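Shown next, in structure tokens, is the structure this report addresses.
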Number of protein chains: 2
Amino acid sequence: MQKESLSNQAMREIIAMIAGGAYRVGERMPAERSLCEQLGISRGTLRKALEGLEKLGVVSIRPNSGIYVNSLSDAKITHKLLPPAFDNVRLEDVVLARKAIEIPACALACERIDDKQIKALEKLARLMQDAVEDDLAGFLKHDMLFHQAIVQASGNMVLVKAFEAIYEYHRFSSVFTSQQEGEEQIAADFHEKILSALKRRDSVACQKIMTGHLDYMQRYNKTAPGDY
Amino acid sequence: MQKESLSNQAMREIIAMIAGGAYRVGERMPAERSLCEQLGISRGTLRKALEGLEKLGVVSIRPNSGIYVNSLSDAKITHKLLPPAFDNVRLEDVVLARKAIEIPACALACERIDDKQIKALEKLARLMQDAVEDDLAGFLKHDMLFHQAIVQASGNMVLVKAFEAIYEYHRFSSVFTSQQEGEEQIAADFHEKILSALKRRDSVACQKIMTGHLDYMQRYNKTAPGDY
DNA sequence: AGAATTGGTACAGTGAGTGTACCAATTTTA
DNA sequence: TAAAATTGGTACACTCACTGTACCAATTCT
């Protein structure tokens with residue numbers, strides 16, 4: 001029963017952002033004063049986190065210039081900065097767990113979703129589509145929010161909590177496998193199809209498309225969203 | 001990004017222990033000096049937690065005597081002391097989520113479990129059986145460990161993490177529904193059947209029995225363990 | 001040339017948690 | 001019955017993480 005230090009949490013948060021693709025290699029991250037506000041911590045605490053990340057080789061700090069992202073694969077990241085037992089996790093493990101939670105969630109959501117929730121999903125799908133081209137961070141954020149909103153629409157808060165635990169691993173997906181060209185648009189198309197099935201209350205189709213969407217991440221099943 | 005205070009964590013932990021059945025109403029809990037060692041915190045922090053719990057009516061502290069457990073249902077427990085959105089959770093939600101995770105885990109465990117893990121499961125089943133009669137705390141503890149060990153035997157750490165998130169809700173099962181006479185023995189019998197199927201590597205049977213076991217908690221399906 | 005922004009540094013203050021010590025009342029032990 | 005052990009109650013000094021503020025020097029933007 002010990003609390004993790006805020007600076008350590010911040011280190012993990014920043015690594016997750018980089019791994020999730022919010023900042024690309026060589027890119028300059030927001031200034032310290034922006035970052036600490038964004039993370040909700042003081043500048044001193046953020047600097048401590050950055051100091052640690054620089055030692056690990058995750059970022060390079062250039063005075064009077066900014067914070068620059070290095071390649072995560074070259075960095076020596078301590079295990080305590082990754083999700084528990086991350087070194088034993090493969091992409092297929094994450095996909096399997098997500099299917100276990102999200103497919104039943106789809107079925108329930110088809111029965112229970114209300115107009116307000118559908119409106120919210122439409123907005124999330126639109127924001128994600130807008131971010132496909134040039135805003136990877138925004139894309140990933142709204143991708144996550146879309147899936148979470150579906151699980152929430154299931155009305156089962158336990159599923160929501162389980163989904164959050166699983167997504168903690170998915171955030172590091174770039175460590176498993178690199179993003180491919182055009183993948184974002186395909187994901188956005190899948191979301192459109194899922195949303196459409198939800199609106200029709202077509203539980204069978206919804207589960208099927210969600211399965212295809214998640215399998216696609218794993219590159220086992222290359223069924224395109226247009227096939228549904 | 002704010003840390004929860006240790007004393008607050010301790011409050012939630014103690015409530016979980018009581019809700020989980022570790023201590024019964026009217027019973028005397030361990031002395032402060034034992035409890036704080038058990039929870040891994042200092043006595044001052046524990047006393048702060050107990051002070052809060054007494055104000056909520058969860059416990060009564062009698063000087064020179066001890067800490068006594070009151071009825072949880074009479075206590076006014078703040079929501080921040082329960083799992084997130086706990087008031088919107090029903091027992092069937094927990095069971096559904098557990099089935100989503102544990103049934104696939106059973107299937108994988110049948111393929112991957114090794115002799116050492118089987119030995120560990122046998123020990124857990126035995127310890128749980130020994131606790132059926134007179135050690136509710138031990139019973140619940142080994143119940144949880146048995147299920148966790150199966151999920152771990154699946155070799156999928158993401159499932160393990162999801163299971164832990166879900167079990168956080170199950171710990172409060174006494175808030176959903178009261179324990180019934182003889183229920184412990186039935187659960188122990190189910191565990192025996194599950195273990196037997198695992199040893200035979202009988203994936204279909206294992207999933208089926210696990211389904212029956214979890215459904216039984218919900219009192220929807222009253223199929224007895226002997227029926228498998 | 002001046003303003004704004006960058007990381008680097010220092011310092012006082014807060015608050016939670018720890019560890020230790022001791023007290024008074026009660027119960028257990030010898 | 002007297003001594004020892006155990007109970008919760010209290011106090012105090014200490015550490016540590018974090019906050020908030022302020023200012024610096026170098027660079028870049030206007």
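Side-chain atoms are counted along with the backbone in the values below, which use heavy atoms only and exclude waters and symmetry mates. Keep in mind that this is a model prediction, so the values were computed, not measured. The chains referred to below are lettered A, B, ... by the order of the sequence lines, with proteins before strands, and numbering in each begins at 1.
- Applying the side-chain contact (heavy atoms from CB on, under 4.5 Å) criterion to A:D114, with sequence neighbours excluded, gives A:K116, A:Q117.
- For residues 60-85 of chain A, no pair satisfies salt bridge (Lys or Arg N to Asp or Glu O under 4.0 Å), with sequence neighbours left out.
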Sugar-phosphate atoms are those with a prime plus P, OP1 and OP2; base atoms are the rest. Using that split, label each nucleotide of nucleotides 1-17 of chain C B, S or - for protein heavy atoms under 4.0 Å, 5' to 3'. -----BBBB-------S

Expected list for residues 148-157 of chain A: side-chain donor-acceptor pairs under 3.5 angstrom, two or more places apart:
unit_1 : atom_1 : unit_2 : atom_2 : d
A:Q148 : NE2    : A:E164 : OE2    : 3.0
A:S154 : OG     : A:V151 : O      : 2.5
A:S154 : OG     : A:N156 : N      : 3.2
A:N156 : OD1    : A:V158 : N      : 2.9
A:N156 : OD1    : A:L159 : N      : 3.2
A:N156 : ND2    : B:D93  : O      : 3.1

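- For residues 17-29 of chain B, no residue pair satisfies the side chain to side chain donor-acceptor pair (under 3.5 Å) rule, not counting sequence neighbours.
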In a table with atom names and distances, give each donor-acceptor pair under 3.5 Å that connects a side chain of residues 6-22 of chain A to protein atoms at least two apart or in another chain.
unit_1 : atom_1 : unit_2 : atom_2 : d
A:S7   : OG     : A:S5   : OG     : 3.3
A:Q9   : NE2    : A:E4   : O      : 3.4
A:R12  : NE     : A:E4   : OE2    : 3.1
A:R12  : NH2    : A:E4   : OE1    : 3.1
A:E13  : OE2    : A:R171 : NH2    : 3.1

